[in-house]
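Note: hydrogens, waters and symmetry copies are ignored here, and every other heavy atom, side chains too, is used.
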Amino acid sequence: MNIHGNKILILDFGSQLTQLIARRVREFNVYCEIHPYDVSDEFIRTFAPQGIILSGGPNSVYENDTPSAPVAIFELGVPVLGICYGMQTIANQLGGKVESSGSREFGYAEIHDCKSPLFAGLSDGIGEYGDFLQVWMSHGDKVTTLPAGFEVIAQTPSCPVAAMANLERKIYALQFHPEVTHTKQGTRMLEHFVIEVCRCERSWTMPNYADEVIAKIRKQVGKDMVILALSGGVDSSVAGVLIHKAIGAQLQCIFVDTGLLRLNEAQQVMQNYHEHLNLNIIKVDAKDEFFTALSGVSDPEQKRKIIGKLFVDIFQREAAKLSNAKWLAQGTIYPDVIESAGSKTNKAHNIKSHHNVGGLPEEMNLQLLEPLRELFKDEVRSLGISLGIEPKLIYRHPFPGPGLAVRILGEIKPEFVNLLQHADSIFIEELYKHDLYHKTAQAFAVFLPVKSVGVMGDGRTYDYVVSLRAVETTDFMTANVANLPFEFITRVANRIINEVKGINRVVYDISGKPPATIEWE
């Protein structure tokens, strides 16, 4: 595809911030990919990047068996940028010296004497040493001897080599992290590298991507039938519409109603996708199967495994009826691919594995079609808008794969699901009504299987409790409680207690992540 002729290669040394580097590069409308640091020289040459970025990582270059960059990156003649560990391995591999600094430098720092195209026109103020830039440090080692041909391009009082460069070879290295928001001008530094130094064009746009992927799908699939498990979530929705635009009636969607969806969601999925978007959908009513399988089960992980296995079994059963199906489409997105690759290759600490990445049985004998696997979540949303999908669907809050099963603590019972569906619906309705829905990243209700004493009218009640949960976050790795107006929370609580018979108490979860998680289970 044309977009791949104008790209940045990011080599991952195990930093949890590597995805942020890629996100920043994509913000410049430049395509990039993350790959493990130990890819072959042949792979790098075939990839043919216009620039290479080396991420940070948890190791020390002077220890035994520590990661090093492929030799090819220094031979291609393209610009290279090393960040934190990436800087240290550049220094070490090119003849410099890296030593322990004795104490770890973590957090705010001011770099001065900044010179090089990366810092052109940037300043956060004037301090004791002149113009400075505010940056975020996180390291315990430092470069003490520069490689031949390199010069210092920034320093701090405690870190004499805060940045270095070989301007002739266009190799740059930063001890700090420009990808985090704490480095105030970090995005501009990365932009200078990608646009000014690497000379990349800003050609990575969603309309262009859609046109090229549609053409690619048509070529891949030919006249074959494709099946897609449609959940009604953002990823599977965008994948479905994209594939449908490519091959039309050759796409068959399968929607499994687990009974664990939001209020009226099954009807809405059929209406939105079948009637409005003209997708072919087979609806499978599997509510009784899921409730039977979950009966008496309280452990969260066991619930997840039961739901995941049963979903696959049902999907297999339905797919087997379509004898002409040759492809299985999935809404796999780039973070799924990166995180699962990390868990398999051990380049970074395992974050989580994903059912979309290799989770279905091999005996299905279907080829995988994953048109979103190069995109981050915000890019998927942008693609959905460019495809004409309704913004209200595209910007819905995340919903867990196991559905309400992980928002009901303990055992799953149909009556618990009914109570939670109605309470959650009231909460979401009020968020929309008061223009607060899009000011929170995720909001929902949780059912607590405990009863408390209440009084309604002149009578005593002994009913269940729900908790409201609303958070603010940009990456879902950390989150703060949403500061919703107290009057709003009390209004929602009153509506739930008055309208949902069986609930007499509402609480508000004020926990952050960490130490809590966003979902309760």
Side-chain angles (χ1 to χ4, degrees), residues 8 10-11 13 15 17-18 20-21 24-25 51-57 61 69 73-74 78-99 101 104-198:
I8 296 292
I10 301 170
L11 295 182
F13 286 86
S15 171
L17 300 172
T18 305
L20 280 182
I21 303 172
R24 298 290 178 260
V25 174
I52 298 170
I53 299 177
L54 311 182
S55 82
V61 297
I73 72 167
F74 303 115
V78 301
V80 176
L81 173 64
I83 297 173
C84 199
Y85 183 89
M87 169 176 172
Q88 293 162 11
T89 197
I90 288 173
N92 189 58
Q93 290 180 240
L94 296 184
K97 189 172 183 180
V98 178
E99 297 179 281
S101 22
R104 184 175 174 84
E105 187 175 15
F106 182 87
Y108 177 89
E110 294 178 357
I111 59 172
H112 56 86
D113 293 335
C114 303
K115 52 187 178 182
S116 90
L118 300 188
F119 308 128
L122 304 182
S123 175
D124 289 327
I126 299 176
E128 181 181 353
Y129 302 97
D131 281 337
F132 69 85
L133 288 166
Q134 176 182 323
V135 302
W136 192 71
M137 292 280 193
S138 177
H139 66 101
D141 298 331
K142 61 184 178 182
V143 175
T144 55
T145 303
L146 296 177
F150 279 74
E151 62 180 289
V152 175
I153 57 171
Q155 58 183 301
T156 73
S158 60
C159 186
V161 188
M164 66 179 190
N166 184 319
L167 298 177
E168 183 179 347
R169 297 178 65 183
K170 295 184 179 179
I171 301 176
Y172 300 84
L174 310 175
Q175 184 57 72
F176 55 89
H177 288 272
E179 68 271 31
V180 299
T181 55
H182 304 74
T183 298
K184 200 169 179 181
Q185 307 272 8
T187 298
R188 295 283 305 280
M189 296 173 197
L190 288 171
E191 186 174 23
H192 285 168
F193 176 75
V194 171
I195 303 300
E196 305 299 331
V197 177
C198 299

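- Proximity of Ile53 to Val25: side-chain heavy atoms (C-beta onward) are separated by under 4.5 Å at one or more points.
- We find the OG1-CG distance between Thr156 and Asp113 to be 11.0 Å, quoted to the nearest 0.5 Å.
- Partners of Phe150 according to the ring-ring contact (aromatic ring centres under 6.0 Å, His included) rule, which considers only residues two or more places apart in sequence or in another chain, do not exist here.
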Show every donor-acceptor pair shorter than 3.5 Å between a side-chain atom in residues 118-126 and any protein atom, with sequence neighbours excluded, or say none if there are none.
residue : atom : partner : partner atom : Å
Ser123  : OG   : Gly125  : N            : 3.2
Ser123  : OG   : Gly125  : O            : 3.4
Asp124  : OD1  : Gln185  : NE2          : 3.1
Asp124  : OD2  : Gln134  : N            : 2.7

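- Put simply, CZ on Arg24 and CE on Met189 are 13.0 Å apart, with the number rounded to the nearest 0.5 Å.
- One finds the CE atom of Met137 at 8.5 Å from the OG1 atom of Thr183 (value rounded to the nearest 0.5 Å).
- By the 4.5 Å heavy-atom criterion applied to side chains, Glu151 and Ser116 are not counted as neighbours.
- In terms of heavy-atom proximity, Val152 sits nearest to Ala154 at CG1-O, 3.3 Å.
- In this structure, the side chain of Glu99 does not engage the main chain of Thr144 through any donor-acceptor pair within 3.5 Å.
- Within the 4.5 Å cutoff, the side chain of Ile111 has no heavy atoms near those of the Cys159 side chain.
- No side-chain heavy atom of Tyr85 sits under 4.5 Å from any side-chain heavy atom of Ser15.
- Partner of Leu54 under the side-chain contact (heavy atoms from CB on, under 4.5 Å) criterion, out of Ile73, Thr18, Leu81, Ile83: Ile73 alone.
- Minimum interatomic distance between Gln88 and Asp141 (heavy atoms only, all atoms of both residues): NE2-O, 3.4 Å.
- A distance of 9.0 Å separates CG in Leu17 from SG in Cys84, rounded to the nearest 0.5 Å.
- Checked by atom type and distance alone, the side chain of Ser55 pairs as donor or acceptor with a backbone atom of Phe13 at under 3.5 Å.
- In this structure, CG in Asn166 is found 10.5 Å from CD1 in Ile153, a value given to the nearest 0.5 Å.
- Shortest non-hydrogen contact noted between His112 and Pro157 is NE2-CD, 4.1 Å.
- Listed here is the closest heavy atom pair of Gln175 and Met87: N-SD, 3.2 Å.
- The ring-ring contact (aromatic ring centres under 6.0 Å, His included) contacts involving residues 156-179 comprise Trp136-His177, where partners must be two or more places apart or lie in separate chains.
- For the residue pair Met164 and Pro147, the shortest heavy atom distance occurs at SD-CD, 4.0 Å.
- Distance check: Ile195 CD1 to Leu190 CG gives 11.0 Å after rounding to the nearest 0.5 Å.
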Test side chain to side chain contact (heavy atoms under 4.5 Å, CB included) on Leu94 and Ile171; report intermediate values, then the result.
CA-CA 11 Å; Leu94 296 184; Ile171 301 176; 4.2 Å; yes

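- What you find for Ala69 and Gln93 is that their closest heavy atoms are N-OE1, 2.6 Å.
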